[in-house]
Amino acid sequence: MATPLSDTPLSLKKIAVVGLGTMGTGITEVLVQAGREVVGIDVSEAQAARALAALETSTARSVQRGRLTEAERADALARLRTSTDLAAAADADLVIEVAPESYEIKHQIFRELDGVIRPETILATGTNALSVTRLAADSARPERVLGLHFFNPAPAMRLVEVVSSVLTAPQVVAAVTDLAIELGKEPVAVGDRPGFVADGLLFGYLNQAAAMYEARYASREDIDAAMRLGCGLPMGPLALLDLIGIDTARTVLDAMYAESRDRLHAPAPILKQLSEAGLTGRKSGRGFYTYEAPGSATVVPDALTPAADGTRAPGREVRSVGVAGSGTMASGIAEVFAKAGYDVVLAARSEEKAEAAKARIGKSLARSVDKGRLTAEAAAQTLDRITPAGSYEAFADVDLAVEAVAEDLEVKRQLFQALDKVCKPGAVLATTTSSLPVVACARATSRPQDVIGMHFFNPAPAMKLVEVVRTVLTGDDVHATVREVCQKIRKHAVDCGDRAGFIVNALLFPYLNNAVKMVQEHYATLDDIDAAMRLGGGYPMGPFELLDVVGLDVSLAIEKVLHREFRDPGLAPAPLLEHLVAAGCLGRKTGRGFREYARR
């Protein structure tokens with residue numbers, strides 16, 4: 001029979017942590033440093049000893065770094081005892097279970113705890129893939145069971161997901177939420193579904209990256225560099241899979257797919273192949289990458305490590321560059337080339353537009369001077385290299401023409417027809433499209449072998465990434481030319497084929513779309529999802545912050561292109577996004593998107 005819950009706030013002073021692996025040890029460290037009495041329990045005496053040794057080492061480092069005094073360290077360690085017997089949890093106010101992701105193991109622990117702990121004790125599971133409701137239903141006290149999902153490494157990561165089942169009592173949720181705040185964490189309240197918020201969004205993205213690599217669309221190095229440099233992520237998806245553990249990722253995705261039946265969650269076959277071969281990532285010394293030793297973070301070259309650029313075909317000489325367009329992207333690209341010493345012709349549909357674009361560059365350079373990033377002399381020289389023009393006829397002598405006009409295929413085709421007539425033989429013609437087929441631009445010319453994609457990211461002067469997109473018709477020397485140019489303008493080039501979204505958008509926008517679906521389904525709030533992805537996923541912006549910055553209309557257009565090309569039902573744009581665009585709520589530029597903004 002369930003024990004009635006009073007309205008008196010629940011006190012969580014004594015806490016048991018069951019399972020002293022990496023996560024359990026990290027949670028234990030957080031608790032003892034916050035003044036809680038903790039008993040760490042593990043079936044393996046050796047593992048319990050390793051956890052204690054790890055805690056002694058990590059707290060010693062904290063003393064060296066001035067985060068703890070020696071006295072505080074001694075007090076923290078004195079608050080911990082270890083055991084191999086679940087009976088040691090008998091007087092705990094809260095038990096946090098962090099055992100392996102297996103229903104059988106967790107059920108066994110819960111059954112044994114039911115016979116040990118007090119009726120008022122709260123039981124929290126640290127699962128990130130299994131059903132909290134299913135675990136609670138088999139407990140003698142389902143109203144006192146909830147999920148408490150810390151992120152690794154627990155001492156450093158601020159996010160904690162507090163997961164309620166339909167059976168969890170509100171007082172239990174409140175008590176655990178208060179504890180998380182006292183621990184210096186930021187709790188996010190979520191419902192019970194595989195992956196919750198952070199992993200629910202993160203693992204779909206990781207799975208798509210694995211599938212992209214498996215399809216040989218891009219190298220592992222280029223996929224990881226693209227997401228680091230294009231999205232500001234601390235780590236690329238394949239390196240992150242190696243860190244998490246490929247076997248762990250496969251378990252989470254299996255659980256997500258079992259519930260959603262969304263093909264985006266069906267584990268990529270390569271995850272199964274690597275797992276079954278024992279190539280589980282850093283912990284085994286090999287996964288997508290090869291490491292110096294099991295447990296090492298140091299990547300070493302292997303058979304898949306790309307050869308140096310010196311093996312590429314020689315490129316064409318580029319001394320002058322034409323940039324077509326007058327918007328932010330066009331002026332940013334012109335600034336990048338001029339800073340690198342190239343003579344630049346900046347052409348627009350009128351002399352006035354071209355002059356305005358050059359003036360925008362002048363202001364950008366002035367800001368760089370004010371911030372000490374550029375000397376006044378260098379800024380003046382850069383601006384002098386840019387010649388504005390009101391006609392594309394000015395591209396007659398350029399060696400490389402880069403278009404940055406509207407993201408409209410017919411507009412781009414017409415422009416490439418014009419460039420084909422104007423530009424000299426041997427000039428490389430590049431499009432900055434982020435979602436349209438490069439080959440369609442190429443086919444608008446009589447020289448498709450000279451056409452290639454150069455997808456810069458906004459703002460071009462600051463963003464280091466360029467996606468180099470070759471079609472089946474692009475010449476090897478044209479590809480080599482663009483790679484050499486990217487090096488000279490100090491951009492990191494990644495190679496990819498001519499398909500919708502290239503690398504970054506193909507991985508980024510399904511993730512953003514899935515975030516919209518979470519809000520649409522009332523699973524979590526905008527603020528909680530944004531906080532979860534910033535704090536738990538290391539994203540510089542939450543998905544809704546980013547959608548409002550990019551523009552909901554731009555985002556919807558890209559998602560439609562992805563859905564049309566890949567024909568995957570999981571890529572269909574969320575209706576909520578379509579409704580907001582139809583209502584004219586396009587993000588910051590209109591003053592309202594997912595959030596409202598003060599008009600300037």
Side-chain angles (χ1 to χ4, degrees), residues 22-23 26 101 128-129 149-154 156-159 161 194-214 217-256 264-265 267-268 270-275 279-292 294-300 302 304-305 465 492 494 503-512 514-515 532-543 546:
T22 303
M23 182 59 82
E101 289 290 86
N128 68 340
H149 181 212
F150 286 80
F151 287 74
N152 200 22
M157 299 294 279
R158 290 167 56 207
L159 179 69
E161 291 176 317
F196 313 131
V197 171
D199 286 353
L201 293 176
L202 179 66
F203 278 87
Y205 149 70
L206 296 177
N207 191 41
Q208 286 181 280
M212 180 181 279
Y213 171 71
E214 185 172 19
Y217 175 67
S219 72
R220 60 191 181 182
E221 288 85 0
D222 280 355
I223 291 171
D224 280 354
M227 298 313 291
R228 284 197 322 272
L229 300 174
C231 295
L233 297 178
M235 186 177 283
L238 303 180
L240 183 54
L241 279 163
D242 276 357
L243 175 62
I244 291 167
I246 292 165
D247 51 342
T248 302
R250 182 186 167 201
T251 299
V252 174
L253 286 163
D254 271 331
M256 290 171 64
L264 298 179
H265 300 152
I270 194 169
L271 298 177
K272 177 182 178 182
Q273 294 158 15
L274 290 170
S275 296
L279 306 178
T280 54
R282 284 192 191 181
K283 59 189 174 186
S284 71
R286 188 176 160 199
F288 285 98
Y289 295 90
T290 301
Y291 298 87
E292 200 169 48
S296 170
T298 305
V299 175
V300 295
D302 58 22
L304 296 174
T305 303
L465 182 68
H492 185 106
V494 296
I503 297 174
V504 173
N505 286 347
L507 295 178
L508 175 64
F509 281 90
Y511 148 78
L512 295 175
N514 284 337
M533 297 317 295
R534 284 197 317 271
L535 301 173
Y539 284 72
M541 279 187 181
L546 183 56

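Along the sequence shown, the residues carry numbers beginning at 1. Below, each value reflects all heavy atoms present in this structure, side chains not excepted, and no hydrogens, waters or symmetry copies.
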With a 4.5 Å heavy-atom cut-off, do [X] and [Y] have their side chains touching?
X: V494; Y: L465; answer: yes
X: L264; Y: N514; answer: yes
X: M212; Y: I503; answer: yes
X: F288; Y: L304; answer: no
X: D247; Y: K283; answer: yes
X: L202; Y: L240; answer: yes
X: N128; Y: P194; answer: no
X: H149; Y: D199; answer: yes

Plane angle bin for Y511 and Y205 - parallel if under 30°, tilted between 30 and 60°, otherwise perpendicular: tilted
Aromatic plane relationship, Y291 with Y289 - under 30° parallel, 30 to 60° tilted, over 60° perpendicular: perpendicular
Look only at the side chain of [X] and the backbone of [Y], and say whether a donor-acceptor pair between them is shorter than 3.5 Å.
X: E214; Y: I270; result: yes
X: N505; Y: L508; result: no
X: E161; Y: F196; result: no

Working to the nearest 0.5 angstrom, can you tell me the gap between [X] [atom1] and [Y] [atom2]?
X: L238; Y: I223; atom1: CG; atom2: CD1; answer: 5.0 Å
X: M23; Y: N152; atom1: CE; atom2: CG; answer: 4.5 Å
X: D224; Y: L229; atom1: CG; atom2: CG; answer: 10.5 Å

For [X] versus [Y], what's the shortest heavy-atom pair and its separation?
X: A210; Y: L241; value: CB-CD1, 4.2 Å
X: G538; Y: P234; value: O-CD, 3.2 Å
X: R228; Y: G236; value: CG-N, 3.6 Å
X: A532; Y: A198; value: O-CB, 4.1 Å
X: L253; Y: G204; value: CD2-N, 4.4 Å
X: G200; Y: M256; value: O-CE, 3.2 Å

Evaluation steps, side chain to side chain contact (heavy atoms under 4.5 Å, CB included), between I244 and F203: CA-CA 10 Å; I244 291 167; F203 278 87; 4.0 Å; yes
Side chain to side chain donor-acceptor pair (under 3.5 Å) assessment of D254 paired with T251: CA-CA 5 Å; D254 271 331; T251 299; 5.9 Å; no
D242 with R220: basic N within carboxylate O range, under 4.0 Å: no
Heavy atoms of other groups near R286 CZ, more than 12 under 6.0 Å: no
